[in-house]
Engineer: 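Have a look at this one.
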Amino acid sequence: MTETVAAPPKTAGLEGVVVADSEISYVDGQAGRLVYRGYSIEELAERSSFEETTNLLLDGELPDGRELREFQSELAAQRELDGETLEAVRRFPPAADPMSALRTGVSLLGLTDPDRGDEGREATRRKGIRLIARIPTLVAAFDRARRGLEPLAPHGELGHAANFLYMLRGSEPDPEDARVLDVCLVLHAEHGMNASTFAARVTTATLSDIHSAITSAVGTLKGPLHGGANEAVMKMLREIDRRGVEPAAHIREMLAAGSKVMGFGHRVYKTMDPRAPILRGFSRKLGERTGDDRWYRMSEEILTTMQREKGIDPNVDFFSASTYHALGIPADLFTPIFAIARISGWVAHVEAQYANNRLIRPRARYVGKRDLRYVPVGERG
Ligand code: ACO
């Protein structure tokens with residue numbers, strides 16, 4: 001059997017393949033620039049908030065004062081979980097990893113959403129807003145339940161980031177901590193056709209619903225080559241600390257063994273990820289403030305070693321590890337926090353996919369056996 005038409009060349013990992021036009025964000029891998037809807041990430045980190053950035057990502061323009069207040073109120077009003085979902089989260093196995101709990105939680109929210117079954121534009125927006133509002137509540141409720149604590153109702157007066165810290169800790173965070181987390185959420189909110197966003201778009205392109213798309217995205221973000229890298233960075237820092245070795249020596253050992261160093265490298269950036277310097281600043285400042293800058297110092301030594309030995313720069317996940325650790329957040333919640341932020345980009349991409357849809361269906365090049373004859377089971381040797 002020969003091919004009737006030769007298969008086109010394979011593109012491993014779809015590297016460099018363009019699958020859509022997008023007005024949502026621009027990632028310039030050569031120059032190390034990231035732009036949301038025309039605004040640089042540096043300026044948004046300096047001046048915007050997660051709520052405003054989300055409004056920008058969804059609507060394409062910065063809101064005016066009234067629009068922003070309305071959007072903030074809408075999000076705050078949608079934070080609470082319905083009783084059935086909350087009860088289910090309480091019963092999740094406490095040993096489950098939080099990303100798996102979140103993946104299941106998002107799927108559960110799809111069972112009870114009042115707009116389920118309606119994939120129209122307005123219903124999808126309402127479902128998207130509920131997901132943006134409720135994902136932090138899901139993460140915090142699971143974390144408290146697994147610690148044997150009662151999940152807390154959202155605090156309607158606090159901003160998105162501050163409310164998450166409140167639901168996690170049980171007390172209102174100081175404004176500095178809340179602002180650091182707020183900026184982290186801005187930095188992680190959107191990033192072009194990354195793996196989890198692509199997963200969401202593949203699911204959406206079958207005309208499935210937004211909860212299915214976001215469940216796909218959460219499952220994809222979980223992997224250590226994507227969002228899961230921030231937790232893996234913290235594990236590595238702890239391992240270096242436990243061993244009491246020089247970070248540079250540990251990294252050289254890893255490289256000699258052919259292991260990847262988590263938090264470094266990127267498919268698109270060929271220079272420093274523009275989000276990394278902002279997180280690096282937070283890691284340094286929080287280390288100084290908490291009086292425990294060992295994780296920051298270790299991170300700096302790892303960075304120098306990776307640049308010297310491999311010429312590879314850190315990505316967004318590297319300094320988020322020491323930053324979140326300094327905020328007192330457990331390492332297995334680092335990736336769920338990524339999801340708390342990235343849901344904004346996911347919703348924007350789901351809407352964009354519906355608005356200009358074509359089934360996403362690539363091909364595989366068949367390299368298996370050919371021309372075999374079927375032998376009945378009794379005659380096989
Ligand atoms: N540590 C050591 N070497 C690395 C690393 C790393 N972190 N990243 C890339 N390299 C090396 C590879 O070994 C490979 O070398 P080779 O050509 O000699 O074999 C070369 O650089 C190219 O690496 P690939 O894995 O082919 O690059 P790809 O574009 O497929 O992968 C990825 C990008 C997955 C991000 C990769 O850099 C990696 O695994 N990094 C560690 C995990 C991580 O931090 N992921 C988070 C990414 S950002 C995000 O998703 C939010």
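Residue indices begin at 1 and follow the sequence shown. None of the values given here were measured: they were computed from a predicted structure.
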Engineer: Using side-chain heavy atoms (C-beta onward) and a distance below 4.5 Å, is Trp346 in contact with Ser196?
Structural biologist: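 Sidechains of Ser196 and Trp346: in contact.
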Engineer: Would you tell me whether Asp313 and Gln307 have side-chain atoms, one donor and one acceptor, within less than 3.5 Å of each other?
Structural biologist: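 Yes, Gln307 and Asp313 have a side-chain donor paired with an acceptor closer than 3.5 Å.
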Engineer: Are Glu301 and Arg297 ion-paired here, with the side-chain N under 4.0 Å from a carboxylate O?
Structural biologist: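 Between Arg297 and Glu301 there is no salt bridge, as every charged N stays at least 4.0 Å from the carboxylate O atoms.
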Engineer: Under 3.5 Å, is there a donor on one side chain and an acceptor on the other for Glu309 and Thr305?
Structural biologist: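 No, no side-chain donor-acceptor contact under 3.5 Å.
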Engineer: Output, in order, the C-alpha distance, side-chain angles, deciding distance and verdict of salt bridge (Lys or Arg N to Asp or Glu O under 4.0 Å) for Glu300 and Arg284.
Structural biologist: CA-CA 9 Å; Glu300 284 291 338; Arg284 181 176 55 73; over 6 Å; no
Engineer: Charged N to carboxylate O below 4.0 Å: is that the case for Arg69 and Glu74?
Structural biologist: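 Looking at Glu74 together with Arg69, the answer is no, because their closest N to O distance does not fall below 4.0 Å.
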Engineer: Hey, could you give me the NE2/CD1 distance between His188 and Ile41, rounded to the nearest 0.5 Å?
Structural biologist: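 Interatomic distance, His188 NE2 to Ile41 CD1, rounded to 0.5 Å: 10.0 Å.
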Engineer: Any Lys/Arg nitrogen of Arg242 or Glu239 sitting under 4.0 Å from an Asp/Glu carboxylate oxygen of the other?
Structural biologist: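 The answer is yes: the pair qualifies as a salt bridge.
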Engineer: Going by distance alone, is a donor N or O of one side chain under 3.5 Å from an acceptor N or O of the other, for Ser25 and Glu190?
Structural biologist: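 Yes, Glu190 and Ser25 have a side-chain donor paired with an acceptor closer than 3.5 Å.
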Engineer: Is it the case that one hydrophobic cluster holds both Leu14 and Leu221, taking links as side-chain heavy atoms less than 4.5 Å apart, direct or via other members?
Structural biologist: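 Hydrophobic grouping puts Leu14 apart from Leu221.
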Engineer: If we check ring pair (Phe, Tyr, Trp, His ring centres under 6.0 Å) with His191, which of these qualifies: Tyr269, Tyr36, Phe198?
Structural biologist: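 The single option meeting the ring pair (Phe, Tyr, Trp, His ring centres under 6.0 Å) with His191 is Tyr269.
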Engineer: Less than 3.5 Å apart, any donor N or O on the side chain of Ser283 or Ser322 sitting next to an acceptor on the other?
Structural biologist: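 Checked: Ser283/Ser322 side chains pair up, N/O donor to acceptor below 3.5 Å.
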Engineer: Please determine if Arg289 and Glu176 form a salt bridge, counting it only when a charged side-chain N lies under 4.0 Å from a carboxylate O.
Structural biologist: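 Answer for the salt bridge query: yes.
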Engineer: Just to verify, which of Arg126, Arg134, Arg130 counts as forming a salt bridge (charged side-chain N to carboxylate O under 4.0 Å, His left out) with Asp113?
Structural biologist: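 Of all the options given, the one that passes is Arg130.
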Engineer: Hey, is Lys270 close enough to Asp28 for a salt bridge, meaning N to O under 4.0 Å?
Structural biologist: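 No, no charged N to carboxylate O under 4.0 Å.
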Engineer: So does Glu61 have more than 12 non-hydrogen atoms from other groups sitting under 6.0 Å from CD?
Structural biologist: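 Incorrect, the count does not exceed 12.
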Engineer: Are the charged groups of Glu351 and Arg125 less than 4.0 angstrom apart, N to O?
Structural biologist: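 Between Arg125 and Glu351 there is a salt bridge, with a charged N closer than 4.0 Å to a carboxylate O.
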Engineer: Would Ile132 and Tyr166 show up in the same hydrophobic cluster when neighbours are defined by side-chain heavy atoms closer than 4.5 Å?
Structural biologist: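 No; tracing contacts between hydrophobic side chains, which count when under 4.5 Å, never links both residues.
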